[in-house]
Every structure is written in structure tokens, then in C-alpha cells.
Amino acid sequence: MREITYRQALNEALVEEMERDERVFLMGEDVGPYGGAYGVSKGLIEKFGEERVRDTAISEAAIIGAGLGAAMTGMRPIVEIMYIDFIGICMGQINNQVAKVRYMFGGKTKVPLVIRTEGGTGRTLGAHHSQSLESWFIHIPGIKVVMPATPYDAKGLLKTSIRDDNPILFIEHKMLYNRKGEVPESEYLVPVGEAEVKREGSGVTLITYSQMLFYCLEAAEELEKQGISVEIIDLRTLLPLDIQTIVESVKKTNRAIIVEEDCKTGGTGAEIGMQIMENAFDHLDAPIKRVAGADVPMPKSPNLEKLAIPSKEDIIKAVKEILGK
Amino acid sequence: MREITYRQALNEALVEEMERDERVFLMGEDVGPYGGAYGVSKGLIEKFGEERVRDTAISEAAIIGAGLGAAMTGMRPIVEIMYIDFIGICMGQINNQVAKVRYMFGGKTKVPLVIRTEGGTGRTLGAHHSQSLESWFIHIPGIKVVMPATPYDAKGLLKTSIRDDNPILFIEHKMLYNRKGEVPESEYLVPVGEAEVKREGSGVTLITYSQMLFYCLEAAEELEKQGISVEIIDLRTLLPLDIQTIVESVKKTNRAIIVEEDCKTGGTGAEIGMQIMENAFDHLDAPIKRVAGADVPMPKSPNLEKLAIPSKEDIIKAVKEILGK
Amino acid sequence: MEIKKEEAVFLLKKMMQIRQFEDKIWELLSKNIAQGGSHLYAGEEAVAVGAISVLNPDDYITSTHRGHGHAIAKAGKLPELMAEILGKATGVCKGKGGSLHLADLSQGNLGANGVVGGSLGIATGAGLSIKLRGTKQLVVCFFGDGATNQGIFHESLNMAAKWSLPVVYLCENNLYGMSVSVKRASAVEDLTKKALAYDMPSENIDGMDILAVRKTVRKWVDFARDGKGPSFIVCDSYRYYGHSRSDAKVYRTREEEKFWKGRDPIILFGKKLIEENILQEEEIKGLESEVFDEIEQATKFAMESPLPKPEALYEDLYV
Amino acid sequence: MEIKKEEAVFLLKKMMQIRQFEDKIWELLSKNIAQGGSHLYAGEEAVAVGAISVLNPDDYITSTHRGHGHAIAKAGKLPELMAEILGKATGVCKGKGGSLHLADLSQGNLGANGVVGGSLGIATGAGLSIKLRGTKQLVVCFFGDGATNQGIFHESLNMAAKWSLPVVYLCENNLYGMSVSVKRASAVEDLTKKALAYDMPSENIDGMDILAVRKTVRKWVDFARDGKGPSFIVCDSYRYYGHSRSDAKVYRTREEEKFWKGRDPIILFGKKLIEENILQEEEIKGLESEVFDEIEQATKFAMESPLPKPEALYEDLYV
Ligand SMILES: Cc1ncc(C[n+]2csc(CCOP(=O)(O)OP(=O)(O)O)c2C)c(N)n1
Ligand SMILES: Cc1ncc(C[n+]2csc(CCOP(=O)(O)OP(=O)(O)O)c2C)c(N)n1
Ligand SMILES: [Mg+2]
Ligand SMILES: [Mg+2]
């Protein structure tokens, strides 16, 4: 199968859905001629024109608010927040408006809105351009949170997200844009809300998502050489959480480690861990572990930045610990 | 000892600290002649004048930003966000600026800023005036999160928070303002970061905070009559979490239930539960339970609002379940 | 006065409906039958009724925390609105929204909002949607004087002006945001100046005079429909009740209240209609008692309606 | 020209330091010695140097994502700044901040900011602090044209104007916010209009002419120090490099770049000084090579400095 980058995969998803449905349009900072800060929307303005590919002012709150208003009145907007680090500025709009209008209004409206953004560490950009804030959003009933790791999932999930009638926060990862992977030429969709076992194994289940998937896969390779078998689940969607797939795996391996890039305290691993405890306590042979980011703002120094997020070695160490090796 | 309300206790703390230190001032919407939406700052403008008790425009982002700027340059501001529901509007300022400047600047500044706000359900105000959003903030390294339940703790913790050189999110509860409790006439402080065992017991540990403390206490009374002994920990501070006090209790009771008013998924109970698992797994005789709010925006209807948060009955039921009764 | 009798009756009655509706809510609040917060619109009727009366049914509005008046003016049905405020299953939002979240999408009311300034972005996006869909609709975005100090107000006006969106931004200046006067909150007292930052046309009018409101709003509605873009209208008005139930109104004088009540929009319009021989005193009395009956019926409906079923808690969240 | 030689040398040298510093950073970025983002200030030197040169040492500034120039102008030491950009332990923020977060509290620099508009509130609060403490300090708040479309810009200006705070809001209009021109982002091209919404005095000046910048900023600094309140200055300028390393600059023409480089603030000022016989060509050359040496030394210091120790990860978070 052909291999394309995560960036290209996302770009194809945008193009295909905009061709398919003229209610779909894209709006955000520098999404036009510049093609988006990470190049995902390159070529779109040439293809679809200025009306459907709209460069906005640096006004995150109005971007989200306007996306919502358009979604409530017959359009299917995709809005972009350049870095998830800036999403605090429009958190009021996302939490109080986007996520709540449908419920507050007794189900009498729907919000087919995709908020595309980008997060994670790896480019030594410091504390305002390296955050992983997904856990705020799994605490907001009314939205869904999607975080693809592979080009295949990126394309399939973005297409599905655009067709979903619910608001979706779609979080890409800055270190994955250049990563290549197999993506079919023909159309396909990946359902929102389904995790996937990306590697089968028997000794321990690693539950992860986004960039950390690749750290886990590398760790698993190395562990295999040492005779340790690891199963890896890529959540792909964080809300709703596919707890069933997780529990099935944990029932098999009896051990779970959550590997997450965000700050540990109050992070996504806490919720995932609690749900495992609530659903599979009797199957656990050891306490669930979290391999997570440090509880600090992201430091600039490249060495500290690396230290602040899980490494392959951290994962290997945790696996060995949980296995008592 | 004399009994005063939570509102009065907070008011006294403000007065005492403003008298003690002239760098302390209060700023927010309707904090002046109106005395604050819930009356906490009544009488302050008369006592301290317009310079130190400042009514602002409805500009939450600038309120926080200005509080930060003042804190970095020699003042000790207390700023008020009327409802925590609106805090999304200034989330960017809190997350990126307030919490991060000290670390980003290599420790070369400090931020003695108290952000007072109010949350919780109980007045059938609907989805924009009933939220419990504390879990977002335990995921922000750099700030502390304080949530007092009793008048005693409200006063002692507010005074300590004002004297703390770190930024503190101080969350009051709308249903507690009128609640009375013992508060000494003479000065005292309650340390930030320390939980308290509010009721000793042996069968199960209830871990809770803010309004839910009283629900737990009532449930414990009733359970006692049925011969079930419950220990209750009031966290009082959510970040940093006093995990030691929790673990000590769980080692004794071998069972833990977290009772929280916020939406369950991604809530504070997830983090507390995971920390118990990480620190006391071998002492657990049953899976940790969460009694938590429903994963929905708060509905207006009084009956649905009640259903959406834990009730005394829910707590009793969970205790019996965890004890296998 | 260029107004037909039928139209005059419609306008007068709508204003009376709002007034009596609000007085009734006040009564229900005092008796603790209505719970929670309700920000009452009494005194400002000419603004909502005047502005909305020049719209087409498929035009949109966005409303505020003080939204009963907008909802009633935008073809809202009194019983369902009253039921919603009481949190009943028969309410326009099935009892999930309440006073702060009255919305009726089927009537083009994109919703009240518990957050000051919370609807500004939505209105702007609805305007963008109209432009992209190429219809002849437009949006009237209501908000208070206090909301003009919120960041999103500025971001929205800039966006709408830049993109020439069909949105009329209508500021209800009732002199206070809760307890803080415009004078104490805003660097400019003349709020039309805020539109200068966007080269947006703006006008300040008497919001107690329904005909003035209609005339001005119609002008800017036509402007928007002609594709000429957004506008900013400031309507001076006054809320009769306190901000909410617990408000002791220490921040304003009884004289000021008297002054504004002396300019009551309903009385003013009624007098004018009598003077110009369009309506007779008795007809007005008749209307008043018609409305009285409607409100009584709405109240009865609301009070007798059931609360939502427990299952409703988890309904209506996702599609 | 009313400027003493000593002062002229100071100004020219500061501008040269910034220019050469930025050119060096560009070189280090290209060689991947400097990593991450760096938004370079080259071309805009007259703004930072001109404005900051009229301040007292205990006055505050707040800076932006394009903050190297402000930091250097506000008495920042080149080696520590360079080290910070490379993430070294000897950096002014111990390597934790980086290019986007240069701050030096001891010099009154309240910090650069990775968030557009992120410093507006801080500057306003510092102004409030000055007022409450009753000192004679003031704040110059730098931000870009793009930041004027952020909500907090408006909230801050309103607050400062209402409370008459000693803050000079200084907009560096370099025609673009990343790739989007002022024309495409803002409803008004003349950004001084944004101050009309707050009755705040404002002025638009040539940001390539350091003497014009000094004259105007001094005027508004005096105004603020006299307790007359805030002001809004728009300095027209141009950034020579792309927004960041990866910027292909598709949104602007090479002619436009040429035009602005033809108005280079350092060359312009140097020429004027020669014309007016304040400095000789050789002296300028001498300054340039002095600065060259300083930059080389700073670079050497930065490159040879150690990275932070692993323990540093958890230091400096709480007091
Ligand atoms: C963002 C936000 N801040 C504060 C509040 C609390 N609050 C509710 S109404 C109000 C005053 C609003 O004033 P204005 O916009 O003038 O509308 P009015 O109430 O006068 O109709 C305030 C401060 C809120 N609902 N939302
Ligand atoms: C809130 C926010 N939105 C978007 C960005 C991404 N970004 C960084 S700089 C920039 C352009 C800023 O333009 P301007 O304010 O004119 O400053 P300039 O870069 O031209 O100096 C953008 C969009 C950001 N850092 N913060
Ligand atoms: Mg008002
Ligand atoms: Mg710019």
C-alpha cells in the first residue's frame, strides 16, 4: 500500500470531505495561503476559494463562537486553533456554548463542528507551545475528543469527525505530521469511539494514544527481545472512551500501564485507570501504573523537555516493574 | 464557641488580611457597593475605600491578567470570578500566565495571587451557573486549588491563601454561604495542603470536599445507626493533594469511596483514586468507588439537578456495596 | 404615525405580554414557585418587540441572560416559555434550560445565554452561515451594556465588519451591568464609540420608544439584507426590577427609577395610539385583560405540567 | 537634531546589537544549533530601542513572542539572553523559558510571551500596581498588530483608560500577523481607531525612525507620569525575516520587502548622524565591529554553557 504522511492524510481528508459536502468549510488563523502552521491545509484555498477556506484574525474565542453559530444554522464548519496551548482563550466558548447548547436546549439543535488543533512536545518550543491538555476536555460532557496517532487513523477519523453531528475536538500531534504510514487510495472511514489493539501480547497491556503509541511500540520491540510480551491499545478516541476494548485486554494480561504525554496529575491516565479499576479490579495482578509527563510547565531546554515526558526507557522500566522483573 | 456563617467567615478573613497588609486588595465584578454576588465582600468598600476594593467591568480575562501583573510587581491581589462557570473565559490567563510565569522565568518572579470563585449546584440555575470545574485546575502545575467546606476552614484557609506566595484558586460553594459553624474569635490559620479527618471510623473511608462533606456526614450518621462505621476525610486542598492522610486512612479501613460533586469522567475522583491505587493497592479489599456527578451539563429542573449530583442515599448505597452488604 | 391598527395592536400586546409575564415570574419567584435566577426584562419591552417586529420569521436572533422578552417577541409561546422557566418537561427546552437558556430553534431564536457576551460569537457565526448559504436571512444579536466590555464582543464585531456579515448588533443599554454603572465600567459612556474601532455604522436611540426602535432597526436590517454588512445600535432603556431577586439596588436611586418609569414604553405607546386615534382607551384595557388571561393560562399550564422524567437526565446530550 | 553624541552612540549600538543578535540566531537556527521557534526582531529595532531609551531603569515593559529586541533594549545582557535562547542553565531564565519567554524581572522586563496578547493584562496590572503603590513608575506594553484582534487587548485598554493607569500601549504594526495582513484581519487598517473605543489618546508614527519613536513615546511617557493615564501608539515597521523559520513568505512580495529594507532604521539613523556631523563613518564601522565582538562572545558563552541539570526539572515551580 502507498505510504503518505500524517499531514498528507489529514489534507486528503479535508479535501475529500469538502468536495463531498459543500456545507463543510475551514476557518482559522493562517489556514489560507500559508496552509496552516503545520501545513495541513496547503492547497485548499486554491482549490476551494476564499469563502470556504477562511483566514481569520487572531481571535480564538470568536473563531469558536462563529463556528458554533454556523454549525447551528446549517453549516458543517471545521475550525482550527493553531496550538492547543491557546485553547484556554476559547475555553469558555467550548465548555459553555459548544458542548452545552444541545443539551440545554432540550436536544433541539445539533452542533456538527470539528475543532482541529495540535498539541504535544518535541520541538523545544517551551511552555506555551508544548502542552497536552486533552484531559480538560474529557471532563466536558457534550463533546468528543479524538487523537489519532497514525496517518491511517488521522485520515479516517477526520473524515468521520466531519460527518459526525456532534462537536469534536480533534487533536493532532506536532511530531507526527512528518511521519509516514500506509493509507489506502480508496475511501475508508474510522469510527469515532473505538480503540484498536495495535500490537497483541500477553504479559501486560499498555494503553496509550497519539505520539506515545510509537514510544510504546518501540519499547515493545525491545521487550520482545527480552522475552516480554506486551499488548498495546491505541485509544484513538478519548471521549467516549472504549473501555470495553481495554477491559478485554486487561482480563487477558492482568496488568495495565497507561502511557500518556500530558502532566500526570489530573491527566487522562487517572480516568482510564479508575475505569479499569471499576471494571476489572478482580483481574488485576498488580496496581495499574501511569507513565506520564512531569507535573511542570514544559521547560525550553531540550534535555529537560525530554525528561519531562515519558521515554522508551521509562516505559520499559514500568513494564518490568509491573511484572516484578 | 461562637457560630458564624461561611459567608461571614470569609468576610472576616478578607477584612483581617486587608488590615494586616496594605498590599492586599480586592478586585472583581460587583465586589464593591453590591458586596459580591453572594455577599462575601459586604462592607469592605466602606472600610477600605474604592482603591482597594475595585469594581471592574465584565472582563474576566483582564481581571486575571491584571491581578497577575499586580502580583508580579509587589501587590497581593485577591481577584474574584463571580461563578467558576465563567472561568473558561480567563482559562488562558490562568493556565498560560498565572500558573507558568514563575517556572518559565526560572523562579525569578512570584505570584501571590488569590483567585476567589464559587461553584457547585443547588440553586436550579442551570448549566451556566452550577458547574464544578476543579479538576481542570489540578492538571495545571504551578497553582494550588483550595476548596473549604466549613466556616472554620473557609476563614483559616483564605487567610493562609492570601499570605501564600503562590497563585491559589480558592473555590467557595454556593450552598455553603449560609451554613453556620464554629469559628474562634481569635486569629488562627489553616495550612494549605492538609486534609483533615472530619469523622473517624473503621469500615470504609469516604474522601470528599466542599459541599459533599455534609452529605457524607449525614450518610455516616445514618450508617452508624445501622452499625456501619465510616471515616470521612475532607481534602480541603485539592492541589497539592494530601495523599498521606488518605493513604493512612485507607490502610486502616481497606476501602475507599470518593464522593465528588463534579462530573465523573475526568473528575477529581479519578486522580484521587489512581493515587490511592498507586500508594495503597495491597491494602484495598475492594475496588475504589466513585460517587460522582452525572456526565451531563447541569439541567435546570430541580428534580434533574438533584439526580445529577450524589445524594445521601447514593453514598449510603455505595458504602453498603463496597462492604458487600 | 405611519402604523396600521392591526400592527399597533400586535406591538402593544406583545409588550404587554412581556410585562405581565415578567410580573408573574416575579410573583412566582417571591412565592418560591419559580426557583433559581430570573433576570426580568420589564421596562425594556420596546427594544425586543420593536426590533424583532421588523424581522422575517426565518431571521435569527441571539438573546441574553435577560431573555424572556426576546423569546416572547420572537414568536415564543407563553405556556412553553413559562413551563421552561419552572423547569417543566413541557418547556421549550424540556425543562433543561430554564430562564437563562430559553431557546427556540424552530422560531429562529438561537438561545438565551447564562454567560455575558456568550452569544456574540454565535450570532456572528450565524451571519457567516447566511452568507455562505446565500440566503436573505439576517441576525439580530442582543446584548447588554456590560457585555461590551467582554473580549468576544470586540472579536465578533471585528470579524463581522471585516467579512461584511448580515448581523445587527443591538446593545440594550440599561445603565448597569448588575450593580456597576456604565460610567464606572466603561471608558466611554457613549457606547456607539465602540463601533468606531471597526468602522461599523452605529446609532444611539431611545429604547423606550418602540417606533424609534422599529425605524432604526429597520434601517439597519435593510442595510444588512442589501449585503452592506453589520451595524451597531445602542438602545437606551431601563430594567425595572433589580438585577436578580436578591438585589437590594443600593447602586441606584429611587429618583432614577421614577424618572425611567415615567417613560414607560407601554404607557408611552398606548398614549400615542390614543392621541392619534388609532386605539381607544377601552381597547387598550381590553388588550390588557386579554393578555392577563393568556398569562394566567400559561401559568396554569406551566404549574400543572410535570417535571421531566428521571430518564431525561441522560437524554439530548449527543445526537 | 537634538541628541548628544553619547546618546546617539548608545542608540545606534543597541540597534546594532539587536540586528546582529538576530542575524546570529538565524544562523544558529539554520545550523540547528538553536532549536525550536524564534521570531526575529530584525527590521524593527528602532521601535524597541527608541521606546525603551526614554524610560527609567525601574519602569516596566512587557514583551511579545518577538521579544529579543525588547529584552536587549531593556538592559538585557547579551550572553544570558543568547544562552536562554539555546536553553542553557546560564540563561536569564535558567534555560526554562527560551526565546518565547525571555524575561528579566530585575531589569523591569516582565517577560516575553508565547501567547499573542498574553501580556496585555499583565501590563495593565503592573500599571494598577504602580498606582496603588504610589510610585512614579510606568509600563510600556509592546504587542503586534495581530494582537489588537484579541479580546484581552480590548478589555485591558478599557480597564486602563477607566482607571487612568500609567501604561503606554505600543503596537508594533509590521503589517502582518504571521501570514495574515492587517488588511485581511482587521476591520480598520488605521489601528489608532481602536483607541477611540476607550477615549484613549493615540498616535501613528514611523517606526523606522528612532528619533520619531523617541519623541512620541517620551510625550506619552510624560503624560502617564503626570497621572494623565494611558495612551496608544502605533509604530509602523517591518520584520525582515519570515514569521518563523519555516515561513516561505508567500503572502508578501519581494518588492514590499525591498521597499522596507530601503528604510532600514539602523542605516537611516547612521546616515543622519553622519549628515549632522555627530558621528563619522569610521566610528560607525567601529561600533559595528565592537558589536560583532560582543555577539561572538555572547554566542561563545551560550554555546559553551551547560544545559540545566536534570534536578532543575522540578525546581522553580512553587515558592
Ligand atoms: C462572563 C460573565 N460574567 C459575569 C456574569 C454575571 N452577570 C450576569 S448578568 C451580569 C450583568 C450584565 O450586564 P449587561 O450586559 O449590561 O446586561 P443587563 O443585565 O444589564 O441586561 C453579570 C455581571 C455572567 N453571567 N457572565
Ligand atoms: C493566542 C495566540 N494565537 C495564535 C498564536 C500563533 N501566532 C504566534 S505569532 C502570531 C502572529 C502575531 O502577529 P502580531 O501580533 O502582528 O505580531 P508579529 O508576529 O507580527 O510581531 C500568531 C498567529 C499565538 N502565539 N497566540
Ligand atoms: Mg446592562
Ligand atoms: Mg504583526
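Quick note on labels: first sequence line is chain A, next is B, and so on, each numbered from 1.
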Structural part of [X] lying under 4.5 Å from a heavy atom of chain B:
X: C:I85; result: backbone
X: C:V250; result: side chain
X: C:L313; result: both
X: C:K309; result: backbone
X: C:S186; result: neither
X: C:D247; result: both

Problem - From CZ (C:F153) to CD1 (B:I58), nearest 0.5 Å - result: 12.5 Å

Practice task
Report the distance from atom OH of B:Y34 to atom NZ of C:K249, rounding to the nearest 0.5 Å.
Solution key: 11.0 Å

Completion exercise
Per-residue tally against chain B (heavy atom, under 4.5 Å) across C:G151, C:G98, C:G95 peaks at C:G95

Problem - Interface residue of largest heavy-atom contact number with chain B, from C:A147, C:P310, C:S38, under 4.5 Å - result: C:P310

Practice task
Report yes or no: does B:N303 contribute a side-chain atom to a donor-acceptor pair with the main-chain N or O of C:P308 at less than 3.5 Å?
Solution key: yes

Could you tell me which non-hydrogen atom of [X] sits nearest to which non-hydrogen atom of [Y], and how far apart they are?
X: B:V296; Y: C:L317; answer: CG1-CD2, 4.2 Å
X: C:A312; Y: B:L304; answer: CB-CD1, 4.3 Å
X: B:S59; Y: C:N149; answer: OG-O, 2.7 Å
X: B:H129; Y: C:G114; answer: CE1-O, 3.2 Å
X: C:H101; Y: B:A127; answer: NE2-N, 3.9 Å

Exercise for the section: For C:S179 and B:D30, test the side chains for any donor-to-acceptor distance below 3.5 angstrom and give the result as yes or no. Expected result: yes

Problem - Non-hydrogen side-chain atoms of C:H65 and B:H128 separated by less than 4.5 Å - result: no

Problem - Sub-4.5 Å side-chain heavy-atom contact between C:Q35 and B:P302 - result: yes

Exercise for the section: Answer with side chain, backbone, both or neither: which region of B:A294 has an atom nearer than 4.5 Å to a non-hydrogen atom of chain C? Expected result: both

Handout entry: Toward chain C, the part of B:D85 with a non-hydrogen atom under 4.5 Å
Key = neither

Problem - B:E313 CD: over 12 foreign heavy atoms closer than 6.0 Å - result: yes

